[in-house]
*Asks:* 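Here you go, one structure.
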Amino acid sequence: MSEAPLLSATGVGKRFGGFVALESIDLEVAAGERLGLIGPNGSGKSTLVNCLCGTLHNETGAVEFDGRPVDGLIAHERTRLGLARSFQLPRPFHTLNLVDNLRVPLLYTVNARPGHHRHAAEVEARCHLLLRQVGLADKARRLPRDLTQVEMRKLELARAVATEPRLLFADEAMAGLSPAEIEEIIAVLLQLNQEGITIVLIEHIMRAVMSFSTRLVVLVAGQKIADGLPQEVVRNPEVERAYLGE
């Protein structure tokens, strides 16, 4: 018998007035998986992620995380269950140094879980460990304004990982970066995955998606049109039309 998926979405639909943003989306994510979620602008990727993470509420369908229904739970409640996300535009606490930027989500999320209280020294050590994992250990006491663009993206990922997620949605973590910087972010994501975090990568940079993902899901106009191995999905005629036109 196959293992139950970590995340399961069935028939998820979302409208904004008369506009259908998502139409009956089915999606499963296995524990430990590296899933790439792609699609043209306006395809519904962000809307789907927002529905799965609790920022938006889907009008139809159901979402389960680790076998538990999460419909009706808002974003921070899902985060405390182990479902986290990073954002395309980093939103650090600009007046706090990097350690304290990680301390806030760790205290707010992890210490709020039953039986997970950590003392101040443990929290401090965990923050420094996270900064080492993303290559920012030497800037622990610096402010976000002192970071380069790629370092800011690493901080955004570290802030999400500070909540100790089982599943992380990484939303366009590489937009605007150079090829070398993209490789740095891919390396961070691969390391996080090796440490046990299931990752869904939402990205437009196909080279990065193909390098990272073991499976691809494609959305177009609010519908899922492909789901499978990356090399097979990119040869799908529907996917080619969506990206290249007729």
Side-chain angles (χ1 to χ4, degrees), residues 14 16 19 21-22 34-57 74-79 83-106 108-109 127 130-131 133-136 139-140 142-165 167-193 197-209 211-213 217 219 222:
K14 180 65 181 177
F16 296 100
F19 174 69
L22 297 174
R34 303 197 307 267
L35 174 66
L37 178 61
I38 65 173
N41 287 330
S43 61
K45 303 186 300 296
S46 293
T47 302
L48 177 59
V49 172
N50 286 334
C51 287
L52 298 177
C53 293
T55 307
L56 293 174
H57 292 290
I74 57 179
H76 78 269
E77 293 172 322
R78 299 189 195 198
T79 300
L83 180 59
R85 69 175 299 180
S86 65
F87 291 88
Q88 178 181 355
L89 298 176
R91 301 170 181 175
F93 298 105
H94 292 285
T95 60
L96 300 182
N97 64 35
L98 270 57
V99 169
D100 288 339
N101 259 278
L102 302 188
R103 194 190 315 274
V104 172
L106 200 157
Y108 182 75
T109 304
C127 291
L130 287 170
L131 289 175
Q133 287 178 319
V134 299
L136 295 176
K139 299 195 175 183
R142 305 292 290 273
L143 295 175
R145 69 186 179 206
D146 299 323
L147 303 182
T148 65
Q149 186 177 21
V150 67
E151 289 171 340
M152 190 71 84
R153 300 299 177 84
K154 291 178 179 179
L155 175 61
E156 177 68 9
L157 289 172
R159 277 162 39 89
V161 176
T163 67
E164 300 191 356
L167 172 59
L168 170 65
F169 285 90
D171 191 358
E172 298 199 33
M174 307 171 210
L177 300 183
S178 70
E181 291 169 338
I182 289 170
E183 292 300 325
E184 290 183 45
I185 297 298
I186 291 174
V188 169
L189 292 173
L190 287 172
Q191 178 67 27
L192 294 175
N193 181 252
I197 301 176
T198 303
I199 297 178
V200 177
L201 176 65
I202 303 94
E203 189 54 70
H204 283 291
I205 303 171
M206 288 303 298
R207 179 174 64 85
V209 173
S211 174
F212 175 79
S213 308
V217 168
L219 297 185

*Asks:* Does some side-chain heavy atom of Ile197 sit less than 4.5 Å from a side-chain heavy atom of Leu167?
*Replies:* no
*Asks:* Using every non-hydrogen atom in the two residues, find where Asn101 and Pro144 come nearest and quote the distance to one decimal.
*Replies:* ND2-CG, 3.7 Å
*Asks:* Which pairs of donor and acceptor atoms, one on a side chain in residues 180-187, lie under 3.5 Å apart (sequence neighbours left out)?
*Replies:*
unit_1	atom_1	unit_2	atom_2	d
Glu181	OE1	Ser178	N	2.9
Glu181	OE1	Ser178	OG	3.3
Glu183	OE2	Arg207	NH1	2.8
Glu184	OE1	Lys154	NZ	2.7

*Asks:* Does the side chain of Asp100 come within less than 4.5 Å of Phe93's, by heavy atoms?
*Replies:* no
*Asks:* Test Thr198 against Leu168 for side chain to side chain contact (heavy atoms under 4.5 Å, CB included), laying out the working first.
*Replies:* CA-CA 6 Å; Thr198 303; Leu168 170 65; over 6 Å; no
*Asks:* Under the 3.5 angstrom rule, does the side chain of Lys14 hit a backbone N or O of His57 as a donor-acceptor pair?
*Replies:* yes
*Asks:* Report the residue from Leu155, Val188, Val161 that forms a side chain to side chain contact (heavy atoms under 4.5 Å, CB included) with Val134.
*Replies:* Val188
*Asks:* Between Thr47 and Phe16, is any pair of side-chain heavy atoms under 4.5 Å apart?
*Replies:* yes
*Asks:* Could you pull out the closest heavy-atom pair between Leu201 and Ala208, with the gap in Å?
*Replies:* CD2-O, 4.5 Å
*Asks:* Which atom pair, heavy atoms only, marks the closest approach of Leu37 to Lys45?
*Replies:* O-CD, 3.8 Å
*Asks:* Would you call Gln133 and Gln191 a side-chain contact if the rule is heavy atoms closer than 4.5 Å?
*Replies:* no
*Asks:* Does any N or O in the side chain of Asn97 come within less than 3.5 Å of the main-chain N or O of Leu143, such that one atom is a donor and the other an acceptor?
*Replies:* no
*Asks:* Does Thr109 use its side chain to pair, donor to acceptor, with the backbone of Leu106 at less than 3.5 Å?
*Replies:* no
*Asks:* Ignoring hydrogens and angles, write down the donor-acceptor pairs under 3.5 Å from the side chains of residues 83-90, residues two or more places apart or on other chains.
*Replies:*
unit_1	atom_1	unit_2	atom_2	d
Arg85	NH1	Asn50	OD1	2.5
Arg85	NH2	Asp171	OD2	3.2
Gln88	NE2	Glu172	OE1	3.4

*Asks:* With a 4.5 Å cut-off on side-chain heavy atoms, are Ile38 and Glu203 touching?
*Replies:* no
*Asks:* Would you mind reporting whether Leu35 and Phe212 have side-chain heavy atoms less than 4.5 Å apart?
*Replies:* no
*Asks:* So do the side chains of Leu52 and Leu48 get within less than 4.5 Å of each other, counting heavy atoms only?
*Replies:* yes
*Asks:* Does Ile199 offer a backbone N or O that forms a donor-acceptor pair with the side chain of Arg34 under 3.5 Å?
*Replies:* no
*Asks:* Which atom pair, heavy atoms only, marks the closest approach of Asn41 to His204?
*Replies:* OD1-NE2, 3.1 Å
*Asks:* Looking only at heavy atoms, which two atoms of Ala170 and Leu189 are closest? And how far apart?
*Replies:* CB-CD2, 4.2 Å
*Asks:* Would you say the side chain of Thr79 lies within less than 4.5 Å of the side chain of Pro165, judging by non-hydrogen atoms?
*Replies:* no
*Asks:* Looking only at atom types and distance, does a side-chain atom of Glu151 sit under 3.5 Å from a main-chain N or O of Thr148, one as donor and one as acceptor?
*Replies:* yes
*Asks:* With a 3.5 Å distance limit and no angle check, can you tell me whether Arg159 reaches the backbone of Arg103 through a side-chain donor-acceptor pair?
*Replies:* no
